[in-house]
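Here the structure is laid out as C-alpha cells; the discussion comes afterwards.
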2 protein chains.
Amino acid sequence: MGSILSPDDRPATDLTARARIRDAALAQFAEHGTKGATLRGIADAAGVSLGLVQHHFRSKEGLRAACDDAVVEAFRGRLTRGTAEGTLGEPGLLGDLFATSGPLLRYLARALVDGSSTAAAMFDELAAGAEDFLSRTWPDRYPPDSPRVRDAASVMAAMHSGTIVLHGYLARRFGDDPLDREHATRIGLAMLDVYASVGEFAVSPTGDQIRETATRLRDHPDT
Amino acid sequence: MGSILSPDDRPATDLTARARIRDAALAQFAEHGTKGATLRGIADAAGVSLGLVQHHFRSKEGLRAACDDAVVEAFRGRLTRGTAEGTLGEPGLLGDLFATSGPLLRYLARALVDGSSTAAAMFDELAAGAEDFLSRTWPDRYPPDSPRVRDAASVMAAMHSGTIVLHGYLARRFGDDPLDREHATRIGLAMLDVYASVGEFAVSPTGDQIRETATRLRDHPDT
DNA sequence: TTGTAATCTGTACAGACGTACAGTGAGCTC
DNA sequence: GAGCTCACTGTACGTCTGTACAGATTACAA
C-alpha cells in the first residue's frame, strides 16, 4: 500500500492505482506547486485516465489533502518519538529527517511555501521542539514561554526548514541532491560547521557590537 | 519613478501607471506565486485595464522580468557595497537587508521558490559572500575553495534565506511581520541568540557525538 | 489646426483548467 | 446467471487564463 512509506523494490505496476496517483501527485505538487500542478499532468504521470483521479480523490483539493495525510502518516512516528524523547529540537533530528524519503520532503518543502495547514502544523511542531530544546539546555537564558525563547525557536525552525525548502539550490551547488538518502548527512554536517563557527562569531566582540547596533536600532528607529 | 525604490509619501495616483502596475505585480507575484498571480488580478489591483498591462510589459513573462529588474536595481548598490567591504557574509548584513522595502523582499522570497534566474543569482551572491566571510575569518578551518567552506557557505545561505522565505510563519508566531521595517531587527537578534547558543552546543561533547554519528553514517551508509 | 505618437480601454479568441457524468468491464455475491 | 459494486475510460461543459487587436483618448510637435 505504502509505495513511498515503505520503499519496496516492486515495480511501479505492482502498486495500487490509487497509490500510484498519490505518488505522482506528491511529485507534481512538489515540482510545480499547488497551483502549477494539473490533474491531467498527474494522471499522465501515474499512467491513468483523468477520470480515475477524480474517482479516487473527488477533487484537486481532495488529492492534496491525501498527499498531506501521507506526509503526516510518514512523519507521525518520527515526530512523536522525537517529542517523547525530548530530542525534537536538537540538530541531530534534522539529519534524521533528511534520511526520510525524498519525495515526501520535497512535497513538504513546497507545501510550506504554498501554505497548507499540515505544513503549518509541522512548522509549529518543529518550533515547539526547538523551544523545548533551548529552554531545557539553557534554562537561565531561555526561560520557558519567555518572548526570547519564542523568538529564537521560531527563527531556528525557519533556518532549519530553509535548508529543506531551498534544497534545490543546495543540490545545484553540491552537485548531489541533499534530499537523496546517500547525501542526507551532508547538510547536517555543514550545519554543525556553521553553528560552531558563526557561534564563535556571535559571542565575539564583533558579535556584541552587531547585537548592540541592532538593539539600538530596534529601540530607537531613527536614521 | 521609483515608488518602491524611493518610498515617497505621494498618493498612489501620482505614480506612473507603469510603476503602479509593477508594484501591484510585485505584490501579487509575492502572494500567489508566478503561476497563481493573474494579469487580470494585477490590473485590478493597479486600477488599470488588462490591455494597459500588456501595452507596457507585452507579456506575463515580461512583467515578471520587470519585477526582477526592480529587485536587482534596489539591491545592486547594497550588495556590491557589501561585497567590496567584504561584509556580505557577516550576520549584520541580513539585518541590513531586512531593513529594505518589504514588498521587494516578499517578492524575492517567492521568486526564490518559484525559481527565477535573478533569485538564483542572488542566492549565489549570498553564498559567495558567506564563503568569503568564513574563509577570511577562519582561514585554517575553511581554506578558500575547499569543499568544506563551500558546503558550509551554501547551507548558511540557505538558512539565512529561509528566514525570509518563511517570513510568513515568523509573522504568525511573532505577531508582527518581521519584513516590516519596524520589526526588521527582530530576526537578526534572534539569529544571534540561536548562533550563540547552538554554537555552544555544536562544540560540546554531545555535538561531537552527533558529528561522529553523521560522519560514520555518511562513510558507511549501513543500517 | 493638423498630424503623429503614446497612453489607455474593451472585446474577442484559443487553449488549458477543474469538474460532471454517462458508459464499459471485471469481479463478487446470492 | 442475475444483480451489484467497484475500478476505470472518454467526452463534454463552463470558467479562467494569456494573448491579440481594433479603436478611443490624450499629449505634443509642426
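Within every chain, numbering begins at 1; the chains are lettered A, B, ... in the order of the sequence lines, protein sequences first and strands thereafter.
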A:R20 CZ - D:dC8 C1' separation (whole Å): 11 Å
Could you check how far NE2 of A:H32 sits from C1' of C:dC17, rounded to whole Å? 15 Å
Between CZ of A:R22 and C1' of D:dA7 the distance, given in whole Å, is 17 Å
Pull out every protein N or O sitting under 3.5 Å from an N or O of nucleotides 25-28 of chain C, one pair per line with the distance.
none

Results of ring pair (Phe, Tyr, Trp, His ring centres under 6.0 Å) for B:F57 - residues two or more places apart only: none
Does D:dC6 have its OP1 or OP2 closer than 4.0 Å to a side-chain nitrogen or oxygen of A:H56? no
CD1 of A:I21 versus C1' of D:dT9: gap in Å, rounded? 12 Å
Considering just the side-chain nitrogens and oxygens of A:H55, establish if one lies under 4.0 Å of OP1 or OP2 belonging to C:dC21. no
Of the listed C:dT9, D:dT9, D:dA7, the closest approach to the A:V48 side chain comes from D:dT9
Minimum side-chain heavy-atom gap A:D145-A:E131 below 4.5 Å: yes
For residues A:H167 and A:R106, determine if any side-chain heavy atom of one lies less than 4.5 Å from a side-chain heavy atom of the other. yes
Heavy-atom closest contact (B:V155 atom, A:L170 atom, distance): N-CD2, 3.9 Å
Salt bridge flag under 4.0 Å for residues B:D114 and A:R110: yes
Contact between A:L105 and A:F75 at the side-chain level, heavy atoms closer than 4.5 Å - yes or no? yes
Please encode protein proximity along nucleotides 18-28 of chain D as a string of B, S and -, counting only heavy-atom distances under 4.0 Å. BBB--------
Can you tell if the side chain of A:D193 reaches within under 4.5 Å of the side chain of B:D151, non-hydrogen atoms only? no
Side chains of A:H160 and A:M191 in contact at under 4.5 Å (non-hydrogen atoms): yes
Kindly assign one of parallel, tilted or perpendicular to the pair A:F29 and A:Y107, based on the angle between their ring planes and the thresholds 30° and 60°. tilted
To the nearest angstrom, how far is A:L52 atom CG from C:dT24 atom C1'? 14 Å
Protein-nucleotide distance (A:D44, atom CG; C:dC17, atom C1'), rounded to Å: 14 Å
